[in-house]
There are 2 protein chains.
Amino acid sequence: MTDAIPKPWTMQQIAAAAGVSVTTVSHTLSGKRPVNPETALRIRRIIEEFGYVPDAGARRLKSGRSRMIGLAVPDISHWYFGRIARGVEEMANEADYGLIICSTSNSDPRREKRYFNLLRTRSIEGLVYTASREISPTDELMKISASASPIVLADEDIAELPGVPSVTSTNLSGAQELGRHLRELGHTRAVIIAGFAGLHSTVQRVAGIRESFPNALALHGDFEMQSGYELVSDLLAHETKFTALFACNDIMAIGAMRRLREEGLRVPEDVSVVGFDDVDMASVVTPGLTTVRQDMLEIGRRSAQLLIAGLEAGSMAGLESVSLPVQLIIRGTTGPAPRFATAV
Amino acid sequence: MTDAIPKPWTMQQIAAAAGVSVTTVSHTLSGKRPVNPETALRIRRIIEEFGYVPDAGARRLKSGRSRMIGLAVPDISHWYFGRIARGVEEMANEADYGLIICSTSNSDPRREKRYFNLLRTRSIEGLVYTASREISPTDELMKISASASPIVLADEDIAELPGVPSVTSTNLSGAQELGRHLRELGHTRAVIIAGFAGLHSTVQRVAGIRESFPNALALHGDFEMQSGYELVSDLLAHETKFTALFACNDIMAIGAMRRLREEGLRVPEDVSVVGFDDVDMASVVTPGLTTVRQDMLEIGRRSAQLLIAGLEAGSMAGLESVSLPVQLIIRGTTGPAPRFATAV
DNA sequence: GGCGGCGTGCAACACGATTTGCACAATTTC
DNA sequence: GAAATTGTGCAAATCGTGTTGCACGCCGCC
């Protein structure tokens, strides 16, 4: 055991080295009682020399506060959730909280339970939760939120959880703007590649588009590229006629574009395509994807802010949900509706 | 305080409700001593009913083990680091460890110190560290690794840290393959958009390319898209002649392509472009980017595996660094060298 | 019947940091 | 000069769990 993992110093040892009691050491650190400046200096020097840091577990046990919050995301390797994570991390750091990120693998119930247990074991004081599919009433989330645990929903609103504040984008108005944009270009037939049917955000986006295209055909996918690709295949197999395609997120839009192109259809000359989110890829594909920009970083920040505010207040009651503005980004995938199509 | 944050149950309370001592409750949970099956059942029922979960902090304090590991990444919102994170998370979960992800904001020293302190405070038992820039000898990392703390380097090898195991890709052979590929296409003049000069991975990649293009011009960027864009601008401003461009990562390659295209240069007809990593964007841009695929997920997994093995063994000594194979992915950005250029 | 062994449970301590009550000295105040 | 105040430090209790030493009752064995 030449390279055994080192044991950290205890306050006891520091006190012994300085020739004082642990109380004095504790007080020099917390400043809750005056300590002789001379003694304090000696103690500080020894702490510095030893590289002593108080044990977090013991501290939490005594104080009841872990100064840690959690973030549950379906898949941290998605840019989209990565941005949220970064926002949460920024705010947490600013408020001097640590962050535990939990990848729930698209809401695998076993993992989810595990992560909610972090809340029960007081490893974390609160949780920022991002849902990727609909919430069923039997969910662990329902149980834990019913107990007034400190939870904030990021990026998704769940009607079944009335006491839980949320931070979302104004999905409806974003989709409305997209609809109007397509309308102004002369489009009359639009299809929708939607997300999960039970998600509030999806419902809102579909509703927004339908204000301009009341009877737009809507197919439901899973937000992944493959899904956009396959749903377009289905549409083509049925010779469905459309000049505009709205995907509920950019990734599906990009998958859809690929399939359209394989079919010999040009974007935007034959079909205009729009997405939602403005992920990093959206500006990189050619032509650039017309979409709606959500500020995921800000969603993360505000969620953390809300959660921490609740923690400091000792209660989540009275926290108001936030809805952030979105921005229409017009790039190259939208153009005037082709003549022949409007004539069909 | 109608919605005050609820206090969890203590083992004490469970014991009282079951009419036994805490010892008996503890033993029914741990199984370290036999408990009357009848009593055990009663206790288990009450635990279930109350939703009791043992306090993690107290447990750690007593056992000395937190069953948590940390992951430090420069920016969690990058797909690249997100993949690593997911791999680490998968393995950690499998081994029943929790994961704390720390975004170091491109190695902001203040944050880094904060995260290394997680190690010192025993909040985490070990750390998977991914570096984004060179390590200077004064770094906090040097200090902490000198104390034989449980650390594994993911995605980067640091020569100055001899005792710290690492998990990397075979950067050299990947770059060699790229070089040979370009050579076979008839290219003779290549430029290199490199990464940070102090990174081992960058050094290896540049060396690999130079085996085929001994005097390739090398410019250093920061791995971001903007940097690829700007360095190509510099090259163009000097009317530098080249028919092949190697970027040390895909993102810079994509930035470079954008600038080339703005200049009216076609990819791959006028200039062949290759990247490194095979990020998700690489297959989405048109034409698809020829690159070298690294298995970031596996890098994450193996790093976590290595770290956890060290933790279970009680020592990091004797753990061997891992080098994972890479794969050449030929897409549309590479083609035969143009005639006129080879004649220059 | 005495003895050892086994099953079962309890009281008490340990983990490391914080906090409270108390003691002792030095100083100030009337 | 006695009393009150302030500064400084210690011992001990506390947080919730895990573990150890010990006790009690029951069985079987000689």
Side-chain angles (χ1 to χ4, degrees), chain A residues 5-44 46-47 50-68 117-125, chain B residues 5-44 46-47 50-68 117-125:
Chain A
I5 293 164
K7 279 223 174 81
W9 300 101
T10 72
M11 190 181 274
Q12 191 61 250
Q13 294 171 293
I14 301 297
V20 296
S21 76
V22 287
T23 316
T24 312
V25 177
S26 178
H27 286 325
T28 56
L29 286 176
S30 69
K32 295 208 171 175
R33 277 213 197 159
V35 173
N36 188 320
E38 198 180 327
T39 328
L41 183 64
R42 194 172 73 244
I43 292 172
R44 260 186 252 283
I46 291 177
I47 286 176
F50 283 39
Y52 166 78
V53 178
D55 181 289
R59 190 168 239 182
R60 196 204 67 60
L61 181 56
K62 184 62 183 159
S63 71
R65 307 217 38 191
S66 63
R67 297 207 74 82
M68 288 268 174
N117 269 351
L118 287 177
L119 215 45
R120 299 207 181 88
T121 63
R122 314 233 94 180
S123 289
I124 57 177
E125 295 184 33
Chain B
I5 293 165
K7 278 222 174 82
W9 301 102
T10 73
M11 191 183 275
Q12 193 60 251
Q13 293 171 293
I14 301 297
V20 296
S21 76
V22 286
T23 316
T24 312
V25 177
S26 178
H27 285 326
T28 57
L29 286 176
S30 69
K32 296 209 172 177
R33 275 210 199 164
V35 174
N36 189 319
E38 200 180 326
T39 332
L41 184 64
R42 192 171 74 245
I43 292 173
R44 260 185 252 284
I46 291 178
I47 286 176
F50 284 39
Y52 165 78
V53 178
D55 181 290
R59 191 168 238 181
R60 197 204 66 61
L61 180 56
K62 185 58 186 164
S63 72
R65 309 221 32 195
S66 63
R67 297 208 72 81
M68 287 266 174
N117 269 351
L118 287 177
L119 216 45
R120 298 207 181 89
T121 62
R122 312 234 95 180
S123 290
I124 58 177
E125 297 184 31

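Convention: sequence-line order gives letters A, B, ...; per-chain numbering from 1. Since the structure is predicted, the reported quantities are computational estimates derived from the model, not experimental observations.
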Shortest non-hydrogen contact from B/Leu61 toward A/Ala58: CD1-CB, 3.8 Å

Sort me out a list of protein N/O and nucleotides 23-25 of chain C N/O pairs below 3.5 Å, or just none if empty.
none

Applying a 4.0 Å non-hydrogen cut-off, can you work out what A/Ser63 is touching in the nucleic acid: base, sugar-phosphate, or nothing? nothing

What's the closest nucleotide to the B/Lys62 side chain, out of C/dT8, C/dC10, D/dT19? D/dT19

Please determine if a side-chain N or O atom of B/Arg59 lies less than 4.0 Å away from the OP1 or OP2 oxygen of D/dG18. yes

With a 4.0 Å heavy-atom cut-off, tell me which residues in residues 7-16 of chain A come close to DNA chain D, sorted by residue number. none

If the helix axis at each end comes from five base pairs, how far does the helix from C/dG1-D/dC30 to C/dC30-D/dG1 deviate from straight, to 10°? 60°

Within residues 22-33 of chain B, find the residues that approach DNA chain C with a heavy atom at under 4.0 Å, and present them sorted by residue number. B/Thr23, B/Thr24, B/Arg33

Strictly below 4.0 Å: does A/Tyr52 bring a side-chain N or O up to OP1 or OP2 of C/dA17? yes

With rounding to the nearest 0.5 angstrom, report the CE to CG distance, B/Met11 to B/Leu29. 5.5 Å

Return the set of residues passing side chain to side chain donor-acceptor pair (under 3.5 Å) with B/Thr121 (not counting sequence neighbours), or none when no residue passes. B/Ser123

Side chain to side chain donor-acceptor pair (under 3.5 Å) against B/Arg120, all qualifying residues, sequence neighbours excluded: B/Asn117, B/Glu140

